[in-house]
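Quantities reported herein were computed from a predicted structural model and do not represent experimental measurements. Reminder, nothing fancy here: chain letters follow the sequence lines and each chain counts from 1.
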Amino acid sequence: MLEKTYDPAAIEGRRYAEWEESGAFAARPESPARPFTIMVPPPNVTGILHMGHALTFTLQDTLIRWRRMEGRDTLWQPGTDHAGIATQMVVERRLAEEGSSRRALGREAFVERVWRWREESGGTITRQLRRLGASLDWPRERFTMDPGLSEAVRRVFVTLHREGLIYRARRLVNWDPKFQSAISDLEVESRAVKGTLWHIRYPIAGAGGEFIIVATTRPETMLGDVAVAVHPADGRYRALIGREAVLPLIGRRIPIIADPYSDPEKGTGAVKITPAHDFNDFKVGERHGLPMPSVLDREAKIRLDEIREGMSPVPAVADPAFVETLAGQDRFAAREAIVRTLEELGLLAKSEAHQHQVPHGDRSGVPIEPLLTWQWFCNAVELAKPAIAAVESGQTVFVPRQWENTFFAWMRNLEPWCISRQLWWGHRIPAWYGPDETIFVADTAEEAAAAAERHYGRTVALRQDEDVLDTWFSSALWPFSTLGWPEKTPELARYYPTDVLVTGFDIIFFWVARMMMMGHHFMRDVPFRTVYIHGLVRDQHGQKMAKSKGNIIDPLELIDAYGADALRFAIVQLTGPGRDIKLGPARVETARSFVTKIWNAARFCEMNGIRPDPEFRPETAKRPLCRWVLDGANRAIHEANAALEAFRFDEYASACYHFAWHLFCDWFLEFAKPELAAGGAEAAEVRATAAHVLGTLLRLLHPATPFATEELWDRLGYGPSGSLIRTAWPAPVPVADAAGARAELDWVVRLISEVRTVRAEMNVPPATLTPILLKDALPETLARAERWREAIGRLARVSQIRPLEGAPPRGVAQAVVDEATVILPLAEIVDLAQERARLDRERGKVGREAERLKQKLADEAFVSRAPEDVVEENRERLAAAEAELARLEAALRRIA
RNA sequence: GGGCGCGUAGCUCAGCGGGAGAGCACCACCUUGACACGGUGGGGGUCAGAGGUUCGAUCCCUCUCGCGCCCACCA
């Protein structure tokens, strides 16, 4: 017999192992079934499960389990990402704790060390995903640095390079001084910083005492200034265009140029141009053919080697000796020293507090430094074109649709994607340099050597590029690299394009867009047909979870406390379209109550000999009760299907919840109790129906709450242990005269509810049974009441049901159900004044409704312009309201 | 600066042109033989505000207010 409450801890581990060992999660490439594929967004290999994972994996697992039960050949492709910067950071931090560093170790030993770290911690997240119940096809697990996937990366790089879509260039890039690596535009985030705007006097050359004042937040970069720009239409400076300014501290003469980049509204309207350290200045420099000296090195310290030549002392303006003291200083220290010196020289006109946006590395948290370096770039603009077209044409659809705008906005404004990183952990760029720096891009060192030999006519020593690729480069290949590309595997042919990608909006650009670019280019087809974008998990107050706020909720703690099913059901319930979800322990606790409720419904069935009956044909059910609950189950199936098809997880959950709790438990099982007690053929049909419907419910719920449903499926004998996961998704069954069954049962439900309401409001003690008298009831209503005497008696605490003959007794409470008035003779219990007030309230409510409808129907404009069916519906409602009103008034007269 | 989203019962959210809903919380009663992680009944909303379109607006349009997010050139 089932325990009184469900104990997830005792069951989950065993059930999961059973599924996994039986191969229940495995794709079946050889099966005739239509495939259904989801690629997991690969979590960081060394990561641990957080709420965001719990959300995304629960939703994916729900879809996968549903489609699997529908008979599709499901492939849910698992794997992990090497997460270049993130993982390197972790290992470097550990080295620092040991008093070592990656430089001390050297490249080879360091990379070795990262692999070891992966061995130690790489299994954590996959273990945690198992606890959540994720039915991933584990034997197919991939890692972005697996040999096969690495080969795919090299093949893509080589191909795109050959096509001119990957190239090496010396460009201004976002440089992260902490990691000492370039990062992409996406890895830069703007942060509001309270800074200072310094107004600096640049003396006009050959004009004693004249200045042009520039405003800057970055005086340390002025060492690399090559011009001062003003707007061509700015009258204030027109006379100065074409003249020269003397660059303070340095003494070099720099031109005053006219360029529309200069904004007369900003600062002083004159802007210093430092092409090597500012993206806009770089463009100005290119337009005007200006030199581009760098004054900051890879650590963002001052370097002077590119500007020494132009330095010369100028009294009261330039001081090369001071500048020399800046060499090797940190950018912020240099800033202070420069400002101090400018002030001493009287060149600081003004300094004002200034709030501005400063780009920071999203992982390092330090201000980004635009730096002129050699890097590898990918022509994202070109690759984006077919991806944009695919979304425009609907080959790939975003759900919710609005995300397509975000996607387009970004895809139509791309810059070249900087794909090289000056890190050690990652895919090393497959490019080799000859003695004269000729580049050989090849899949392997051997091929590069062969190409070099052909090129030079002799064997030469090659040096491989030191850089690795952006992590997202390999992630972009995930939908096909995991399936064996560049080999033409059966999996690739069968499972690409995938069906759905489920992920958060935060990686639409990083990942989704790039998979679409690469998928199109290499597979000539979209990587997925639907992109489902879910929200963020927040804490119960709507705050973003963050370590710094201390509001992190650990999904594993929730699983320990309430069970995986409860966490999963809570997530599914909360996942509506385009909204963040607020999840706290209270929600999960509520979801656990639901799981317990199902458990107890099953326990009731077990106790009452309700067992699955393979002989049972639902379409032959005769009892209205049976046909009614089967019809209810049919509707729940329809609702669940529609909801899941539309990715409405919330509606799927509420369809199950409502049917299970309010229809099956609250009414059906309660009605079933007397029938079961009666025994005989009728009880047998009720039993078989109950078993059938419970089976339907377990199947419907399995995608959301797999563990408890699987346990019950087994314990109640629905199928062999561990088989629910592969059992067919429920289909609606034919129900004879469903409308008739609904009419009958709905009336009974209404009658019982009315009697209960009256009793509660009249404070009739539950222990007191009351008879009810039916006035004006039609013969069929009386027959119906007679048929349901037992259930009504039990559920409404009614001792007997009689038609009212003659005048009602004194001291009654009354309620209207359709054409009949239900009279409860309460004699000494009833408080007449209270009953009058109660009926009066009812009359008021119905009267207001009737009045409203009457007015509406009296409105000529409404009747003539509204659609006929709407008018008709309103007429029917009015008739019903007026009839009820009349009965309520009659009831009031009786006790007046 | 540009764009997107959201303001509906105390809380969390559905609904998005014709009767204001759910879950939780709350109040009252109930330890009734599946379940107190339960049962029954109940109270609670000028659907942010103002205009407009319409026979009719929580729903469509405009504006205002409030909240959140994304993108954007460190003057």
Side-chain angles (χ1 to χ4, degrees), chain A residues 2 4-6 190 193 195 197-199 214-218 221 229 261-263 265-272 277-281 283 354 356-359 367-368 370 400 402-403 405-406 409-410 413 505-506 508-509 536 540 542 544 562 566 573-574 576-584 586-587 589-608 648 650-651 654 657-658 665-666 669-670 673 753 756-761 763-767 794-797 849 852-853 856 859-867 869-871 873-874 877 881:
Chain A
L2 294 174
K4 194 167 170 182
T5 52
Y6 170 58
S190 271
V193 169
L197 187 60
W198 286 280
H199 294 244
V214 302
T216 181
T217 57
R218 304 211 51 197
T221 65
Y261 160 62
S262 185
D263 181 351
E265 302 290 310
K266 281 187 178 171
T268 62
V271 60
K272 65 197 240 358
H277 297 288
D278 183 286
F279 287 96
N280 292 302
D281 292 9
K283 286 182 194 143
H354 181 66
H356 58 144
Q357 297 289 319
V358 178
I368 287 306
Q402 80 221 30
W403 288 108
N405 296 328
T406 307
W410 190 70
N413 286 290
F505 59 84
D506 47 332
I508 290 179
F509 307 142
L536 231 55
Q540 55 270 57
K544 223 172 181 170
Y562 305 106
Q573 263 184 312
L574 289 168
R579 234 189 225 269
D580 289 348
I581 75 168
K582 293 174 193 166
L583 187 66
R587 287 315 284 235
E589 193 177 344
T590 303
R592 180 187 57 179
S593 300
F594 177 62
V595 176
T596 306
K597 184 75 180 179
I598 300 297
W599 183 266
N600 275 295
R603 186 164 177 263
F604 170 84
C605 289
E606 185 190 40
M607 288 167 66
N608 285 276
R648 286 298 304 262
D650 54 339
E651 291 184 343
S654 73
Y657 185 99
H658 178 261
C665 291
D666 286 352
L669 290 183
E670 293 304 325
K673 283 172 184 174
S753 300
R756 280 170 169 174
T757 302
V758 170
R759 289 178 53 104
E761 295 196 346
N763 297 313
V764 180
R794 187 182 175 112
L795 300 181
R797 315 291 297 155
E849 168 77 358
R852 200 182 56 79
L853 289 164
K856 197 169 183 178
D859 182 352
E860 172 55 27
F862 171 72
V863 178
S864 61
R865 300 224 186 179
D869 57 324
V870 171
V871 177
E873 194 191 323
N874 276 274
R877 274 212 300 269

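Look at the C1' atom in both A25(B) and G45(B): the space between them is 16 Å, to the nearest Å.
In this structure C6(B) sits in a base pair with G66(B), meeting the Watson-Crick or G-U test at under 3.5 Å. Both distances falling under 3.5 Å, in either a Watson-Crick or a G-U wobble arrangement, place G1(B) opposite C71(B). As the counterpart of C16(B), no nucleotide is assigned, since no Watson-Crick or G-U wobble pattern has both distances under 3.5 Å.
Listed nucleotides: C13(B), A75(B), C35(B). Nearest to the side chain of Thr596(A): C35(B). Distance from the side chain of Arg587(A) is smallest for U12(B) among the nucleotides U12(B), A34(B), A75(B). Side-chain proximity of Ser593(A) to G18(B), G38(B), G15(B): nearest is G38(B). For Thr217(A), whose side chain is taken as the heavy atoms from C-beta onward, the closest listed nucleotide among U12(B), A14(B), A75(B) is A75(B). Checking G19(B), G23(B), U40(B) against every side-chain atom of Arg877(A), the shortest atom distance belongs to G19(B). Nearest nucleotide to the side chain of Glu849(A), out of G19(B), A75(B), G7(B): G19(B). Among the nucleotides C73(B), G18(B), C13(B), the one closest to the side chain of Tyr261(A) is C73(B). In the set A75(B), C74(B), G18(B), G18(B) carries the atom at the smallest distance from any side-chain atom of Pro867(A).
Whole-Å rounding puts the Glu589(A) CD to A36(B) P distance at 14 Å. The NZ-P distance, from Lys856(A) to G19(B), rounds to 5 Å in whole Å. A straight line from CG of Asn874(A) to P of G56(B) spans 15 Å, rounded to a whole angstrom. C73(B) atom C1' lies 10 Å from atom CG of Asp263(A), rounded to whole Å. Distance, Phe862(A) CZ to G56(B) P: 11 Å, rounded to whole Å.
Looking only at side-chain heavy atoms (C-beta outward), Trp403(A) and Ile508(A) come within less than 4.5 Å of each other.
Below the 3.5 angstrom threshold, one finds a donor paired with an acceptor across the side chain of Lys597(A) and the base of C35(B).
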